[in-house]
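These values consider heavy atoms only, across backbone and side chains, with no hydrogens, waters or symmetry-generated copies. Whatever order the structure lists ligands and atoms in, that order sets their numbers, starting from 1.
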Amino acid sequence: MLEHLKEQPADKILMLMQSYREDPRENKVDLGVGVYKDASGNTPVMRAVKAAEKRIWEDQTTKAYTGLAGDPAYTSGMIDLVLSGAAPKERIAAVATPGGTGAIRQGLELIRRAAPDATVWVSAPTWPNHPSIIKFLGMKMGEYRYFDDSTRGVDFSAMMSDLSGISTGDVVLLHGCCHNPTGANLSDAQWDEVIALLKEKGAVPMVDIAYQGFGDGLDADGAATRKVAAAMDECLIAASCSKNFGIYRERTGILMAIARDDKEAKIAQANMNFLNRQNFSFPPDHGARIVSTILGDPTLRADWEAELEEVRLSMLGLRQQLADELRQLSNSDRFDFIAHHRGMFSQIGTTPEKVETMRQNNGIYMVSDSRMNIAGLNAETVPLLARAIVDARV
Ligand code: LMR
C-alpha cells in the first residue's frame with residue numbers, strides 16, 4: 001500500500017529551517033520561519049505564560065476532556081480579545097483549534113460544507129499554507145493582486161479591480177493585520193472600500209489574524225477585523241495565539257464564524273463541533289488554558305501586554321535601523337518601505353536567485369520569495385543584512 005505514495009513537495013518555509021540548521025557557518029542569520037527572537041537569538045517563554053503555567057500546575061485537578069469546542073473561558077476570552085464587542089455574542093460560533101493553521105483548515109472545511117462551489121480568493125502573494133490547504137481540500141481558488149513589486153506597498157487598485165470580478169457567495173481571505181509574507185497592509189480607508197465591495201458583491205470574508213499585537217498595537221491590530229465583523233452579515237475569523245503569546249508549539253488557535261442571526265450561529269456551532277470531532281475530536285487544552293488564565297487575570301494580562309509591546313517595539317526599532325542602514329549604503333530612499341511595513345515580515349521584492357546569492361555569500365536565510373523575518377535580526381546583524389542586500393544589487 002505505502003509504495004503507492006508519491007513524494008510531496010517540501011514546504012519552502014520549513015525546508016529553509018532545515019538548511020539553516022545544517023549550515024556550519026557561525027555568522028549565519030536566520031530570517032526564515034516566523035518565530036520571534038530576542039536580541040540574543042532566543043525565543044523566550046513570556047513572563048505571563050510562565051506564571052500562568054505555574055498556576056495551572058498548582059490548581060489543575062484533572063486532565064479530563066473539555067468540550068468539542070474547547071474551554072468556554074478560552075473561546076469567550078479570545079472573542080473579546082479579537083472582536084472587542086464588534087459583533088453580538090449570540091451571532092458568534094467559535095471553536096478552539098490546534099493553532100491558527102487548525103483554524104484555517106476548519107474554516108475552509110466549514111465553507112466547503114456550506115458552499116462547495118464557492119471560490120476562495122487569496123492575495124497574491126499569501127502565506128503558502130493558504131493555497132496548499134485550499135487545494136488539498138479540492139476547493140476552487142482564485143488570486144487577487146495585492147503587492148506592488150515596485151513600491152513594495154499594496155497595489156490597491158489592482159486588488160479592487162480583481163475583487164470586483166468575484167461572484168456572489170465567493171469567499172475572500174484577508175489578513176487582519178501584519179500581512180504575511182509582504183508586511184504591506186491596507187489603510188483604514190482602504191479596508192472600508194474593501195468591505196463596501198464585498199457587501200456589494202455578496203461575498204463572505206474570511207480573516208486570518210495571526211499577528212495581533214505585532215504591528216501597531218494590540219487594539220489597533222484588531223481594528224480591521226472588527227470593522228469587517230461589524231459590517232458584514234457573515235464572516236469567518238481564524239486567529240492564532242502562537243505569536244502574540246509565544247506559545248508556538250502548544251498549538252492554540254480559534255475559529256469564529258459570525259452568522260446572520262442566533263439561529264444560524266447555533267447551526268454553525270454544531271457544524272464546527274462536528275468538524276472538530278471528525279478531525280481530532282477535542283482541541284488541545286494546555287495553550288488555551290494559558291491564554292484564558294492570562295486574559296482572565298488583570299495582573300497577568302497587564303504583564304503580557306507590556307511584554308508584547310516590548311516585542312513589537314523591538315521589531316519596529318530593527319525595521320528603522322535596517323531602513324537607515326540601507327539609506328546610507330544605497331544612497332537612496334528606496335528601502336524606506338521596510339520602516340513602513342508592519343508585523344514580523346517584509347518582502348523585499350527580489351528574485352529567488354538574489355535570495356540564493358545572499359544565502360551563499362553572506363549566510364542570510366530568507367524565504368525564496370524574499371520574505372524576511374525582521375525578528376530574526378539584532379543590532380549586530382542588521383548591518384550584515386544591509387550589506388548583503390546592497391551587494392546582491394536588490
Ligand atoms: C510563518 O509564516 O513562518 C509561520 O506562520 C510559521 C509557519 O507555520 O509557516
| Side-chain donor-acceptor pair under 3.5 Å between Q321 and E325, yes or no? | no
| said: Below a 4.0 angstrom heavy-atom separation, can you tell me which part of N373, side chain or backbone, both or neither, approaches ligand 1? | reply: neither
| field | Set of salt bridge (Lys or Arg N to Asp or Glu O under 4.0 Å) partners for K50, sequence neighbours left out | value | none
| message | Applying a strict under-4.5 Å side-chain criterion to I, L, V, M, F, W and Y, I'd like to know whether L110 and F274 cluster together. | response | no
| task | List every atom of ligand 1 that sits less than 4.0 Å from any heavy atom of V33, numbering the atoms from 1 in the order shown and giving each element. | result | 3 (O), 6 (C)
| said: Quick check on contacts: which atoms of ligand 1 are under 4.0 angstrom from a heavy atom of Y211? | reply: 4 (C), 5 (O)
| task | Report yes if G34 has an N/O atom closer than 3.5 Å to an N/O atom of ligand 1; otherwise report no. | result | yes
| said: Within ligand 1, which atoms have a heavy atom of R371 less than 4.0 Å away? | reply: 1 (C), 2 (O), 3 (O)
| message | Give me the residue, atom name and distance of the protein heavy atom closest to atom 5 (O) of ligand 1. | response | K243 NZ, 3.0 Å
| request: Kindly indicate, with the supporting measurements, whether the criterion side chain to side chain donor-acceptor pair (under 3.5 Å) is fulfilled by T126 and H175. | output: CA-CA 9 Å; T126 191; H175 298 225; 2.9 Å; yes
| said: Is the distance from the ring center of H179 to that of F147 below 6.0 Å? | reply: no
| task | Taking atom types as modelled, find out whether H341 and Q347 have a side-chain donor-acceptor pair closer than 3.5 angstrom. | result | no
| Numbering the atoms of ligand 1 from 1, which are under 4.0 Å from a heavy atom of W127? | 1 (C), 2 (O), 5 (O), 7 (C), 8 (O), 9 (O)
